[in-house]
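Here is the structure we will look at.
So you know, we letter chains A, B, ... as the sequences are listed, proteins then strands, and number each from 1.
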Amino acid sequence: MNYWLVKQEPSKYSWEQFVQDKETYWDGVRNYQARNNLKIMQKGDHVLFYHSVVGKEVVGVAKVTKEAYPDPSTDDDRWVVVDLKPVVAMKNTVTLEDIKSHPALQSIALVKQSRLSVSPLTKKEIKIILDMGNTKIKGV
DNA sequence: GCCAACGTTGGC
DNA sequence: GCCAACGTTGGC
């Protein structure tokens, strides 16, 4: 079981929209490193949903419901998507500032590599973020 | 809105 | 294969 963090600008696709949709395929990834992360996601993996640019905070938790398959939004076969569905909204959102101020979260990609849109988290890291958000999910 | 950081492209 | 030029992302 792995843990991830995905980023999206709420003006493009917000958590609220995601919840309304009930399920979505995570398309538009055009970066090899992010793509490679998508490819190793497994069904049932938990994924934090982060709002970039506007808000700059972790807003909810999603779950992988379908592993990587070719991106239906392009003919280019280099790119893949996964299916995600919302699990729970964060009770308290966790801002970038909160994350940056926590000593154990200094090395996560969100901080060090702010442009990477799909990045891995360790169990310890996701636990800290969930704790800060006063949110609990099964198995973490 | 600016700009630094990063990835990609293309000329050589 | 190097590297300058360019485009994009995202924090500020």
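Taking atom CZ of residue A:R115 and atom C1' of nucleotide C:dT8, one finds them 5 Å apart after rounding to whole Å. Nucleotide B:dT8 holds its P atom 10 Å from the CD atom of A:Q33, rounded to whole Å. Distance A:K56 NZ to C:dC12 P: 6 Å, rounded to the nearest Å. If you measure from atom CD of A:Q113 to atom C1' of C:dT8, you get 15 Å, rounded to the nearest angstrom. The CG atom of A:D98 sits 16 Å away from the C1' atom of C:dG11 (whole-angstrom rounding). For the pair A:Q8 CD and C:dT8 P, the computed distance is 16 Å after rounding to whole Å. Atom-to-atom, OH of A:Y50 to P of C:dT9 comes out at 15 Å; the value is rounded to the nearest Å.
Remark: A:K112 is not in phosphate contact with C:dG11, judged by side-chain N or O atoms under 4.0 Å from OP1 or OP2.
Remark: A:D21 pairs with A:Y13, A:Q17 by the side chain to side chain donor-acceptor pair (under 3.5 Å) rule, at least two apart or across chains.
Between the side chain of A:S114 and the backbone N or O of A:L110, no donor-acceptor pair lies under 3.5 Å.
Heavy atoms only, all atoms of each residue included: A:D98 and A:T93 are closest at OD2-O, 4.2 Å.
Closest to the side chain of A:K7, from the set C:dG10, B:dC6, C:dG11, is C:dG10. The side chain of A:Y32 lies closest to B:dT8, out of C:dT9, B:dT8, C:dG11.
Residue contacts for A:K12: at a heavy-atom cut-off of 4.0 Å it reaches no nucleic acid atom on any strand shown. A:L116 comes within 4.0 angstrom of nothing in the nucleic acid, heavy atoms only.
Comment: A:K63 does not engage A:D83 in a salt bridge, judged by the lack of any side-chain N to carboxylate O separation of less than 4.0 angstrom.
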